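A short write-up of the structure that comes next.
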2 protein chains.
Amino acid sequence: MELQKETKLHGRWYDDACGTAFGLEVLGERWTMLVVRELMLGPRRFSGLRASLPGISAKVLTERLGTLEEAGVLTRRTLEEPAQVQVYELTEWGYAAEPVMQELGRWAAMSSGHDPMLPLSPVSLMLSLRTMFDRRKVEGLDFVIGFDIGGETFIATLGDGALPVVRGKAEAPTATIRAPNATVLAALFYAGVPVAELEREMGLVIEGDRAAAMRFADIFELPEKLA
Amino acid sequence: MELQKETKLHGRWYDDACGTAFGLEVLGERWTMLVVRELMLGPRRFSGLRASLPGISAKVLTERLGTLEEAGVLTRRTLEEPAQVQVYELTEWGYAAEPVMQELGRWAAMSSGHDPMLPLSPVSLMLSLRTMFDRRKVEGLDFVIGFDIGGETFIATLGDGALPVVRGKAEAPTATIRAPNATVLAALFYAGVPVAELEREMGLVIEGDRAAAMRFADIFELPEKLA
DNA sequence: CAGAATCCCATTCGATACTG
DNA sequence: CAGTATCGAATGGGATTCTG
């Protein structure tokens, strides 16, 4: 029998007071930050997380969820009746990690090595909208855009130069954008592929105020390449 | 003979268009981000890096430097005569990673699990000053503070609500702060240990305008704890 | 000093199978 | 569905040695 393993985040890698180093102790292991990313728009179930992180094994996901819970980044919760399912949800501190991921994503997008046409989870697309929208282009715009990405629904509310995104079905959206997967939307927002082509060949569907949806699609801008 | 290993960052972990995921491909391996941190205030030599990263082995440091060079984060350069020594220097893109580390550090400091009294490298202390200074407290202040931390020298210039930090010896600083190691300065700036005590017992030395140095020491604030 | 090369052990990972 | 258990393979990393 072991002598009670001390509370630890995977074993104290660095011995360093630097905040960056401590952040890496918590989020720096392989897959960890992507698990947090998938939880950033609300609670998820084990299988949903697994489906959104192609390549992660059940074992590693279990381990990461356990470590993140110990560290205080997320909590495990059982939904009330009649659902009775267990979900993982970020703590307040966990949600506070969004700017970290935004900065990392923004920095990475400055590299020509970044390929925006790889597969993409719905959550990571929706989060990228918050990172990449151009504040100068949204002056006076006031839209509610509903999203349905392969069955996962989100609401993006554009107004006051902000762009909050939440899960759910919009009541009376300005427009609704449906796509079978997030990559189609990446093509629309970032690669500038024409809407007509995506509608014809990739299963994109736009409902409601079409002109508003097109303006919305135009407010996103990848950062200038430095490398 | 191997068939020419393709250009790769340690083997493409994730298959994900998300910028955060690509950022992790570049910076997410153990030690990598701390190597970048140590280069953030200018070129360093192999032995200096090693000394600033207690626990890293020559092998790992060599590997990380190689991978970062391939990725375009840093370059290897030989200093002109008569120095003739090789140094590692961040590229423009590499320097652009500072906000990533700042956000990560700021986030980590919100946890009560963060221990600011662990050992600390001079560079990481100087970088933390840029992250943690309180803009509201520096209105109208206009100081040049020279630092000598165990022989490494830096100049911090406070003015216009900004706090650039560079390596070097200040010409005519408002004050100079000397300490045998960075932990003493962490005690001064973040733990609020009295100056007199640090001077008496920890080898802290303040030269020049003592009042200015004390005001300077008071502008740093750790973020509110969320966990 | 600045690494490259070798050796070897410990850890980690992914795949598969299993369970309540 | 939500994990656990197990196992073999790959990787990681420390220690040591060698070289210009």
Side-chain angles (χ1 to χ4, degrees), chain A residues 2 5-6 8-16 21 24-25 27-35 38-39 43-70 74-79 81-89 151, chain B residues 1-2 5-6 8-16 21 24-25 27-35 38-39 43-70 74-79 82-89 151:
Chain A
E2 291 187 32
K5 47 179 90 170
E6 25 182 330
K8 55 170 185 184
L9 322 162
H10 64 70
R12 190 125 267 148
W13 280 343
Y14 316 112
D15 187 37
D16 195 321
L24 292 169
E25 307 258 8
L27 297 181
E29 210 169 7
R30 199 179 158 189
W31 289 112
T32 300
M33 208 180 294
L34 300 186
V35 172
E38 288 302 317
L39 293 171
R44 308 281 304 268
R45 302 177 56 173
F46 191 92
S47 54
L49 291 170
R50 221 184 148 185
S52 292
L53 296 169
I56 199 172
S57 67
K59 176 184 179 174
V60 171
L61 180 54
T62 302
E63 286 171 358
R64 297 298 182 271
L65 290 169
T67 307
L68 286 168
E69 185 178 19
E70 279 182 55
L74 59 78
T75 56
R76 198 177 298 251
R77 187 159 64 87
T78 302
L79 252 42
E81 299 287 352
Q84 274 289 34
V85 298
Q86 185 164 260
V87 294
Y88 299 87
E89 181 168 26
Chain B
M1 172 186 171
E2 291 187 30
K5 47 179 87 171
E6 27 182 328
K8 57 173 181 181
L9 322 162
H10 64 72
R12 190 124 266 148
W13 281 344
Y14 316 113
D15 186 37
D16 196 319
L24 291 169
E25 306 261 7
L27 297 181
E29 210 169 6
R30 200 178 157 189
W31 290 112
T32 300
M33 208 180 292
L34 300 186
V35 172
E38 288 302 318
L39 293 170
R44 308 281 303 269
R45 302 180 54 176
F46 190 91
S47 53
L49 291 171
R50 227 190 140 180
S52 292
L53 296 169
I56 199 172
S57 67
K59 176 183 181 177
V60 171
L61 180 54
T62 302
E63 286 172 358
R64 296 300 182 273
L65 290 170
T67 307
L68 285 168
E69 185 178 20
E70 279 182 54
L74 60 79
T75 55
R76 199 177 298 251
R77 187 158 64 86
T78 302
L79 251 42
Q84 275 288 33
V85 299
Q86 184 163 262
V87 294
Y88 299 88
E89 181 168 26

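Because only heavy atoms are used, hydrogens play no part in the values below, and waters and symmetry mates are left out as well, while side chains stay in. Source: prediction; values computed, not measured. Protein chains get the first letters and strands the later ones, always in sequence-line order, with residue 1 at the start of each.
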For a quick test of reading the model: is some side-chain N or O of [X] closer than 4.0 Å to OP1 or OP2 of [N]?
X       : N      : value
A:Gln86 : D:dG3  : yes
B:Arg45 : C:dA2  : yes
A:Arg64 : C:dC13 : yes
B:Ser47 : C:dC1  : no
B:Arg44 : C:dA2  : no

Nearest-angstrom distance from the residue atom [atom1] of [X] to [atom2] of [N]:
X       : N      : atom1 : atom2 : value
B:Leu65 : C:dC1  : CG    : C1'   : 15 Å
B:Phe46 : C:dG3  : CZ    : C1'   : 6 Å
B:Ile56 : D:dG12 : CD1   : C1'   : 13 Å
B:Glu29 : C:dT11 : CD    : P     : 18 Å
B:Leu49 : C:dG3  : CG    : C1'   : 13 Å
A:Leu61 : C:dG14 : CG    : C1'   : 13 Å
A:Tyr14 : D:dG12 : OH    : P     : 13 Å

Practice item. Enter the distance from A:Leu68:CG to A:Met33:CE here, rounded to the nearest 0.5 Å. Key: 10.5 Å

Quick one: which protein N/O atoms are closer than 3.5 Å to N/O atoms of nucleotides 15-20 of chain C? Pair and distance per line, please.
none

Do [X] side-chain atoms and [Y] backbone N/O form a donor-acceptor pair below 3.5 Å?
X       : Y       : result
A:Thr32 : A:Gly28 : no
B:Arg64 : B:Arg30 : yes
B:Tyr14 : A:Trp31 : yes
A:Arg77 : A:Glu89 : no

Review point. Reckon B:Glu63 touches a base, only the sugar-phosphate, or nothing at all at heavy-atom distances under 4.0 Å?
Key: nothing

Revision key, fill the gap. Tested for side-chain contact (heavy atoms from CB on, under 4.5 Å) against A:Leu34, the lone hit among A:Leu39, A:Leu53, A:Ile56 is A:Leu53

Point to revise | Chi angles and distances behind the side-chain contact (heavy atoms from CB on, under 4.5 Å) call for A:Glu69, A:Tyr88 | key: CA-CA 9 Å; A:Glu69 185 178 19; A:Tyr88 299 87; 5.9 Å; no

Check your understanding: Looking at C:dG14, C:dG3, D:dG3, which one has an atom nearest to any side-chain atom of B:Arg76?
Key -> C:dG3

Practice item. Measure from the side chain of A:Arg30, starting at C-beta and using heavy atoms only, and say which of C:dG14, D:dG3, D:dG14 lies closest. Key: C:dG14

